[in-house]
Amino acid sequence: MSTDALLLDSTFRITEVDQKKYDRVSRVTGVREDLNFTLDVNSEIYPISVDDTVQLSIASTLSLDGTIASKEAEAAKGGWRDTRGGEATLADQYDYVCYGKMYRFEEGNGDMIKVYASFGGLLLFIEGPHKRLSSFKHEYIYLLMKK
C-alpha cells in the first residue's frame with residue numbers, strides 16, 4: 001500500500017465508552033502518547049469496551065496500490081463496498097470501516113491541531129501535533145479499525 005494513501009495508522013487504548021445518548025451508538029475515547037480521539041461507533045456491529053486496544057487507520061483510498069478512484073469511477077462500479085471479481089482491498093484487513101469526509105480543522109494549544117470528520121453522522125475528533133496530522137485536508141476518507 002502506498003504510504004501516501006495511509007494518512008494515519010496508530011494504536012490507541014480505549015479510556016471511555018459512553019452509550020447514554022443513543023441505543024446503537026457508543027462515543028468512544030482513545031489515547032496514545034501524542035494523539036487522542038473521540039469517535040461515534042455503531043456498537044451493535046462493533047462493540048468496544050474500556051481498556052480495549054484498537055488500531056485506528058485513516059486512508060484516502062482502499063486500493064492496496066494507493067490509487068485514488070474518482071467519484072464517477074466509484075459510482076460506476078457500484079460504490080466503495082462493491083468489489084467485483086473479488087479484488088482485495090485495505091478493508092479486508094480491518095473489522096470496522098466507514099467512509100466520510102474531513103470537514104473542519106482548528107488550531108489547538110502550541111503545535112497541536114484538532115481535526116473533525118463525519119461518517120454519515122457518526123463523528124470523529126482527533127487532536128495531536130501538527131507534524132502527525134499535517135497530511136490531513138478537506139477530503140473524503142476511510143476510517144478503518146481493528147482490535
Side-chain angles (χ1 to χ4, degrees), residues 1-17 25-147:
M1 159 130 236
S2 168
T3 56
D4 294 340
L6 204 55
L7 305 173
L8 177 72
D9 187 27
S10 294
T11 302
F12 293 86
R13 184 178 58 82
I14 302 301
T15 58
E16 183 179 348
V17 177
V25 175
S26 297
R27 180 158 284 175
V28 299
T29 302
V31 297
R32 60 171 286 132
E33 308 84 45
D34 58 342
L35 297 170
N36 64 68
F37 79 91
T38 302
L39 173 68
D40 296 339
V41 175
N42 182 329
S43 53
E44 274 191 337
I45 61 174
Y46 196 70
I48 297 181
S49 303
V50 171
D51 289 328
D52 281 352
T53 300
V54 297
Q55 180 179 347
L56 177 82
S57 300
I58 295 178
S60 55
T61 181
L62 291 178
S63 173
L64 292 175
D65 65 4
T67 306
I68 298 175
S70 68
K71 287 184 192 177
E72 294 80 20
E74 288 286 345
K77 96 174 182 181
W80 68 270
R81 289 178 286 186
D82 185 17
T83 56
R84 295 193 178 136
E87 68 185 77
T89 69
L90 188 59
D92 298 332
Q93 302 168 19
Y94 290 84
D95 303 322
Y96 186 76
V97 180
C98 298
Y99 179 70
K101 182 173 175 94
M102 289 192 185
Y103 66 90
R104 189 165 110 199
F105 300 87
E106 291 180 358
E107 294 295 324
N109 297 333
D111 72 336
M112 303 293 273
I113 86 169
K114 300 173 183 178
V115 179
Y116 298 84
S118 177
F119 304 92
L122 298 177
L123 302 177
L124 167 68
F125 163 78
I126 301 176
E127 183 175 31
H130 187 272
K131 187 167 80 172
R132 284 290 308 269
L133 303 177
S134 63
S135 61
F136 291 172
K137 56 186 181 233
H138 290 276
E139 66 180 338
Y140 289 96
I141 56 166
Y142 297 92
L143 176 131
L144 305 108
M145 276 193 348
K146 64 182 173 182
K147 292 183 185 178

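Here the structure is a predicted model, which means the values were calculated and not measured.
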Where is the tightest heavy-atom contact between L35 and P129, given as atom of each residue plus distance? CD2-CD, 4.0 Å
Gap separating the OG1 atom of T38 from the CD1 atom of I126, nearest 0.5 angstrom: 10.0 Å
Can you check whether S63's main-chain N or O pairs, donor with acceptor, with T61's side chain at less than 3.5 Å? yes
Working note: F105 + F136, criterion ring-ring contact (aromatic ring centres under 6.0 Å, His included); need CA distance, chi angles, decisive distance, verdict. CA-CA 9 Å; F105 300 87; F136 291 172; 7.3 Å; no
Using the rule given for side chain to side chain contact (heavy atoms under 4.5 Å, CB included), can you reason through L56 versus S10, listing the C-alpha separation, both sets of side-chain angles and the distance that settles it, and then say yes or no? CA-CA 6 Å; L56 177 82; S10 294; 5.8 Å; no
On the 0 to 90° scale, with breaks at 30° and 60°, tag the F37-F12 ring pair as parallel, tilted or perpendicular. perpendicular
Are the side chains of M102 and Y140 in contact, using a 4.5 Å heavy-atom criterion? no
What's the verdict on side chain to side chain contact (heavy atoms under 4.5 Å, CB included) for Q55 and D9, showing C-alpha distance, side-chain angles and the deciding distance? CA-CA 7 Å; Q55 180 179 347; D9 187 27; 2.6 Å; yes
Between atom CE of M112 and atom CZ of R132, what is the distance when rounded to the nearest 0.5 Å? 11.0 Å
With side chain to side chain contact (heavy atoms under 4.5 Å, CB included) as the test, would you mind laying out the steps for I14 and V54 before giving the verdict? CA-CA 7 Å; I14 302 301; V54 297; 3.8 Å; yes
Between L90 and V97, is any pair of side-chain heavy atoms under 4.5 Å apart? no
List the steps and the verdict of side chain to side chain contact (heavy atoms under 4.5 Å, CB included) for Q93 and L64. CA-CA 11 Å; Q93 302 168 19; L64 292 175; 3.8 Å; yes
Any side-chain heavy atom of I48 within less than 4.5 Å of one from V41? yes
Kindly compute the distance separating NZ (K114) from CZ (F125), expressed to the nearest 0.5 Å. 5.5 Å
How close do S49 and V17 get, counting heavy atoms only, and between which atoms? C-CG2, 3.9 Å
OH (Y142) and SG (C98) are apart, to the nearest 0.5 Å, by 12.0 Å
Short N-O contact, D51 and R13, less than 4.0 angstrom: yes
I need the D34 CG to E127 CD distance, nearest 0.5 Å. 11.5 Å
Any chance you could measure S57, atom OG, to I141, atom CD1, to the nearest 0.5 Å? 11.5 Å
Any donor-acceptor pair under 3.5 Å from Y96 side chain to N42 backbone: yes
Cation-pi check for Y46 against K147: NZ or CZ below 6.0 Å from the six-membered ring centre and within 45 degrees of the axis, yes or no? yes
Taking all heavy atoms of T15 and all of V50, pick out the closest pair and write down the distance. O-CG1, 3.9 Å
For K137, I'd like to know if atom NZ has over 12 heavy atoms of other residues, nucleotides or ligands within 6.0 Å. no
Is any side-chain heavy atom of L144 less than 4.5 Å from a side-chain heavy atom of L62? yes
Worked check of salt bridge (Lys or Arg N to Asp or Glu O under 4.0 Å) between D40 and R27: CA-CA 4 Å; D40 296 339; R27 180 158 284 175; 2.6 Å; yes
